Amino acid sequence: MIYFLHGEDTYRSREKLRGIIAEFRKRAGGVANIARIDAADTPEAVFSVGRTTSLFAAKELVAIERASEAGGEAERYLLEMLPRWQKDPAFTVGFWEVEADAKEKLTGALAKRAAKTQEFKPLTGAALGRWIAEAARLRSIRLAGEEQELLARKHSGDLWAISQELEKMR
């Protein structure tokens with residue numbers, strides 16, 4: 001199975017990726033073969049993805065971040081492996097990208113082959129207000145409407161900055 005998470009709102013997309021990993025770990029009952037690779041930093045690491053299986057874990061999850069920045073041989077390898085990974089019930093790969101241009105080979109192929117794709121656009125207006133209210137509630141913080149508006153206005157929807165401000169308040 002292939003997951004494809006992308007979009008400018010990196011806070012929510014990374015949160016979603018962490019959620020996928022946590023759910024995979026929970027379903028595996030503690031015996032999970034999970035790996036994370038930042039393909040932009042270590043493009044050669046993608047060559048080990050999906051080549052071997054664990055003797056102890058029945059299923060495997062690999063999270064590949066910024067694969068579109070790996071380029072060259074790494075990109076060709078990923079493009080070659082996508083059809084196999086798409087069909088393999090014991091192998092799950094989650095791709096995380098900031099931008100996903102359908103015209104680019106890899107991100108275009110991911111958009112077509114992924115079983116689940118989710119785009120994370122920046123939150124604005126009422127959606128941003130709801131997110132701030134929920135994030136405050138989860139941290140047991142009571143915000144007045146003016147405080148919520150101030151956070152939204154001051155940080156222009158940057159959820160990383162808003163979450164840091166909420167942590168300071170807590």
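In what follows, every heavy atom counts, from backbone to side chain, and hydrogens, waters and symmetry copies are set aside. Predicted model, so just to flag it, every value in this text is computed and none were measured.
Counting heavy atoms of neighbouring residues, nucleotides and ligands inside a 6.0 Å radius, atom CD of E8 does not exceed 12 of them. The number of heavy atoms from other shown groups lying within 6.0 Å of CD (E15) is above 12.
Contact between Q148 and G129 at its shortest, heavy atoms only, is NE2-O, 2.8 Å. Nearest heavy atoms, T117 versus A111: OG1-O, 4.2 Å. Contact detail for L61 and I20: the closest heavy-atom pair is CD2-O, 4.4 Å. Of all heavy-atom pairs spanning A67 and L78, the tightest one is CB-CD1, 3.8 Å. Shortest non-hydrogen contact noted between V46 and A74 is CG2-CB, 3.5 Å. The heavy-atom pair separating A63 from L17 by the smallest distance is CB-CD1, 4.0 Å.
Taken from CD1 in I64 to CZ in F95, the straight-line distance is 4.0 Å, to the nearest 0.5 Å. Expressed to the nearest 0.5 Å, how far CD of E65 lies from CZ of R14 amounts to 4.0 Å. From S13, atom OG reaches atom NZ of K121 across 14.0 Å, with rounding to the nearest 0.5 Å. Rounding to the nearest 0.5 angstrom, the gap separating the OH atom in Y77 from the CG atom in L106 is 13.0 Å. Of the inter-residue distances, the one linking I141 atom CD1 with E165 atom CD reads 10.5 Å to the nearest 0.5 angstrom. A distance of 11.0 Å separates CD1 in I21 from OH in Y3, rounded to the nearest 0.5 Å.
The closest side-chain heavy-atom distance from R170 to S140 is not below 4.5 Å. Using a 4.5 Å heavy-atom threshold, the side chains of W96 and H6 count as separate.
Residues F47 and W85 are members of one and the same hydrophobic cluster, defined by side-chain heavy-atom contacts under 4.5 angstrom among Ile, Leu, Val, Met, Phe, Trp and Tyr. No single ILVMFWY cluster, assembled from side-chain heavy atoms under 4.5 Å apart, contains both L150 and L159. One hydrophobic cluster, built from ILVMFWY side chains closer than 4.5 Å, cannot hold both V98 and L123; they sit in different ones.
The existence of a salt bridge linking R130 and E134 is excluded, since no basic side-chain nitrogen approaches an acidic carboxylate oxygen closer than 4.0 Å.
A donor-acceptor contact shorter than 3.5 Å links the side chain of R139 to the backbone of A135. Formation of a donor-acceptor pair under 3.5 Å by the S163 side chain with backbone atoms of W160 is found in this model. A donor-acceptor pair is defined here as one N or O able to donate and one able to accept, closer than 3.5 Å; no such pair exists between the side chain of E104 and the backbone of S68. Under a 3.5 Å cut-off, the side chain of R142 and the backbone N or O of A136 do not form any donor-acceptor pair.
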**Request:** Apply the test side chain to side chain contact (heavy atoms under 4.5 Å, CB included) to residues I34 and R25: give CA-CA distance (whole Å), side-chain angles for both, the deciding distance (0.1 Å), then the verdict.
**Result:** CA-CA 8 Å; I34 300 171; R25 186 172 281 127; 3.6 Å; yes
**Message:** Determine whether F4 and E97 satisfy the following criterion, side chain to side chain contact (heavy atoms under 4.5 Å, CB included), listing intermediate values before the conclusion.
**Reply:** CA-CA 8 Å; F4 182 35; E97 295 285 338; 3.8 Å; yes
**Request:** May I have the step-by-step check of side chain to side chain contact (heavy atoms under 4.5 Å, CB included) for L79 and K105, ending in yes or no?
**Result:** CA-CA 8 Å; L79 285 166; K105 279 186 181 179; 4.0 Å; yes
**Request:** Kindly determine whether L143 and L151 satisfy side chain to side chain contact (heavy atoms under 4.5 Å, CB included), including the steps that lead there.
**Result:** CA-CA 10 Å; L143 290 178; L151 279 173; 4.1 Å; yes
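Within the structure, the ring pair (Phe, Tyr, Trp, His ring centres under 6.0 Å) test picks out the following pairs touching residues 106-156 (sequence neighbours left out): Y11-W131.
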